[in-house]
Each structure stands twice: as C-alpha cells, then as structure tokens.
Amino acid sequence: MPSSFNVQNAAGYEQLMGRWSRTLAPLLIDFAGLADGERVIDVGCGTGSLTFALPKAADLAEIVAIDYSPVFVAAARKRNKNRRITIQEADACALPFDDGRFDRAMSLLVLHFVPEAGKAIGEMRRVVRPGGVVAAAVWDHIGGMPVMRMALDTMAVLDENARELRSRYCFQPMMQPGEMKKSFVKNGLTEVEEASLLIRMDYKSFDDFWEPIAAGEGPLGKYVATLNPAQKAETDAAVRAAYEAGRPDGPRSFASVAWACRGVVP
C-alpha cells in the first residue's frame, strides 16, 4: 500500500520535515513507553528520526525499521551504525513478520499518508505480542500546523486547485479528534489513550521554510511543481509576504501539534 507522501530526495525531506520529526520522536517514545531488552518495530521510518532515537531511550534487543519508499530506506541505511537496527522496504499494510514478534510497534508521522490507515494499525497490532504496546502520532493538519496552513491558505486565495489541496491536506486519515483512538479500538487494542504532542518549528528565514516546498517536496511541493513560471512567482511572493507578515525576513517560530495514540494488545 503506497504512501501518498511525495518525496523527491532525502535531503529535501530532511529540510522539510525530518528535522521536526527528530524533535517529535522523543515525545512519542515517552508517551508510548519503552523498556530495556525489548524488540521494537518502527513502521514508516522515513530517514530514521524515530529509529535512531529509540536506542538512546533504552537498551533494546532489536529495532526493525520499515518504509515503503526506497529513497527513505537507502538514506536510513546509510546513517545506520547500530548492529541491532535493521532497515528494509516493506508495506505498512502487509508487514512481513510473524504474529507477536515485537514488544512494541511505533509509527511516527506516517498513518495520515497511508490510504488504508486502519489496516496498518491492524498490522501493527498483529506483530506485537499480547501485553505489548502499539503507538502512533500524526500531525494535526487542520488545527495544529500553522506554518503549513499559512502557506495553504495563501495559495488557496490564488488558485482553485490549491483550495482542493487544502481540503485533502486538512482531512487526511487519523487526524480528526478521536479518529485514531476509534481505529485503535476497532482494531482490537485495549487501554487506548489519546494525547497531543507539542513542538516548535523554528525557521532561520523564509528560504529555510520554503526551499524544499519550492523544490517539489511533500504535498505542498507536489502542487507547486504543477505551476507555470508566472503562477510559481506569484505563489512564492504571496507566501513570502505571509511568512514575513510586514516585517523583514528572518527567524520565525511556529507551534506545531501532533495527535498521539497508544493501546495495549490483549
């Protein structure tokens, strides 16, 4: 089941989102819990933000990281120096592992890009032993990502296609209040809890924010890549004006919120 996330190269993803997922990863680990000696699977590892945070939090026996994208898998493997970590291509909706192999399954900023997110949750439950934990986090696109809403709302004023993108982006799977919790319960998990995780996204300048999007990374970048030169120039100028907000270009800081959910395998 392919992800709907648009990735061009690992470096572009790192600037767009990888640096922020590294900031979020320890919060998900604290929420999910972790113990020495456990075996953990990271479902949708990307460039390894959660994968490489896990061994810093506990002395784990094994970490298996999977991603659908060969671009991400290659980048994560290049970074890996830990013999207890293995990284491979796999489908979150059809995990190639035996039932109950892991103590915990975690997924960071992935489920909202999986068309059948509930199926991925069911697969995480299947590969975790009874008493083990499944946990995931996704961005709250409609209410918790002001920097992306700033860009989307600006683009939506200029173009009907951007308005359609905004609707899709704001209502991706698992990001409405209680939606992920409901899916966890539906897939047989117990003691299910939902929470919000807060970080800040700090940018040095407009270019620090906009460069990966202008280069075609992520959902907004995929849209920008369809624009003709005149449309792109208009969009760049309008989003820059929104970022600068009438003041000189420079650092800006945006609060960003993710929904998180955890449950226990009965």
Side-chain angles (χ1 to χ4, degrees), residues 1-9 12-13 15-18 20-21 24 44 46 67-69 71-72 91-93 107-121 136-180 182-183 196 201 203 206-245 252 254-259:
M1 178 61 62
S3 167
S4 63
F5 186 84
N6 181 60
V7 58
Q8 301 295 313
N9 63 72
Y13 171 80
Q15 185 179 357
L16 175 70
M17 193 54 64
W20 312 127
S21 58
L24 187 63
D67 202 281
Y68 192 84
S69 167
V71 174
F72 283 151
D91 184 345
C93 293
S107 181
L108 179 65
L109 305 181
V110 174
L111 292 181
H112 48 322
F113 291 110
V114 178
E116 293 187 64
K119 191 172 182 179
I121 293 169
V138 303
W139 289 124
D140 176 6
H141 278 180
I142 192 168
M145 290 285 282
V147 67
M148 297 301 177
R149 282 298 304 269
M150 173 196 74
L152 275 168
D153 289 344
T154 301
M155 294 188 294
V157 174
L158 303 175
D159 181 33
E160 181 180 352
N161 291 330
R163 292 193 286 275
E164 294 174 359
L165 168 64
R166 180 176 60 182
S167 180
R168 294 194 304 271
Y169 184 86
C170 289
F171 294 97
Q172 287 177 261
M174 300 293 119
M175 60 176 54
Q176 302 309 301
E179 184 180 3
M180 191 160 40
K182 182 178 179 180
S183 188
S196 294
M201 294 181 175
Y203 296 96
F206 173 69
D207 285 344
D208 188 31
F209 163 64
W210 189 243
E211 276 180 350
I213 297 172
E217 292 294 340
L220 277 66
K222 186 176 182 180
Y223 161 78
V224 169
T226 68
L227 301 177
N228 63 44
Q231 289 174 315
K232 188 174 187 302
E234 182 183 32
T235 298
D236 289 354
V239 178
R240 176 183 285 276
Y243 176 92
E244 293 177 354
R252 302 288 191 271
F254 300 87
S256 301
V257 178
W259 291 112

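Keep in mind it's a predicted model, so treat the numbers as computed, not measured.
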With rounding to the nearest 0.5 Å, note down the distance linking [atom1] in [X] to [atom2] in [Y].
X	Y	atom1	atom2	result
R166	D159	CZ	CG	11.5 Å
T235	L227	OG1	CG	5.0 Å
M180	S107	CE	OG	9.0 Å
E179	L111	CD	CG	10.5 Å
M148	W139	CE	CH2	9.0 Å
L152	M145	CG	CE	9.5 Å

Could you tell me whether the side chain of [X] and the main chain of [Y] form a donor-acceptor pair under 3.5 Å?
X	Y	answer
R252	Y243	yes
W259	M175	yes
D67	G46	yes
E217	P212	no
E234	Q231	no

**Asked** Are the side chains of F209 and M150 in touch, meaning some heavy atoms are under 4.5 Å apart?
**Response** yes
**Asked** Between F113 and P219, is any pair of side-chain heavy atoms under 4.5 Å apart?
**Response** yes
Determine the minimum heavy-atom distance between [X] and [Y], stating which atoms define it.
X	Y	result
D91	Y68	CA-CD1, 4.2 Å
V157	R163	O-NH1, 4.2 Å
G44	V110	O-CG2, 3.1 Å

**Item:** By side chain to side chain donor-acceptor pair (under 3.5 Å) - contacts of S21 (at least two apart)
**Value:** S49
**Request:** Mind running side chain to side chain contact (heavy atoms under 4.5 Å, CB included) on K222 and L165 for me, showing each step along the way?
**Result:** CA-CA 10 Å; K222 186 176 182 180; L165 168 64; over 6 Å; no
**Fill in**
salt bridge (Lys or Arg N to Asp or Glu O under 4.0 Å) filter on R149, not counting sequence neighbours, yields D153
**With E164 via salt bridge (Lys or Arg N to Asp or Glu O under 4.0 Å) - residues at least two apart** = none
**Prompt:** Salt-bridged, D236 to K232, with N to O below 4.0 Å?
**Reply:** yes
**Set of residues satisfying ring pair (Phe, Tyr, Trp, His ring centres under 6.0 Å) with respect to Y169, sequence neighbours excluded** = H141
**Message:** Tell me every residue that passes ring pair (Phe, Tyr, Trp, His ring centres under 6.0 Å) with F171, counting only those two or more places apart in sequence or in another chain.
**Reply:** none
**Asked** Passes side chain to side chain contact (heavy atoms under 4.5 Å, CB included), V114 versus C93? Steps please.
**Response** CA-CA 8 Å; V114 178; C93 293; 3.7 Å; yes
**Prompt:** Run the side chain to side chain contact (heavy atoms under 4.5 Å, CB included) check on F206 and V239 step by step: do they pass?
**Reply:** CA-CA 9 Å; F206 173 69; V239 178; 3.8 Å; yes
**Item:** Any residue meeting side chain to side chain contact (heavy atoms under 4.5 Å, CB included) with D208, in chain and number order, not counting sequence neighbours
**Value:** Q15, R19, Y203, K204, S205
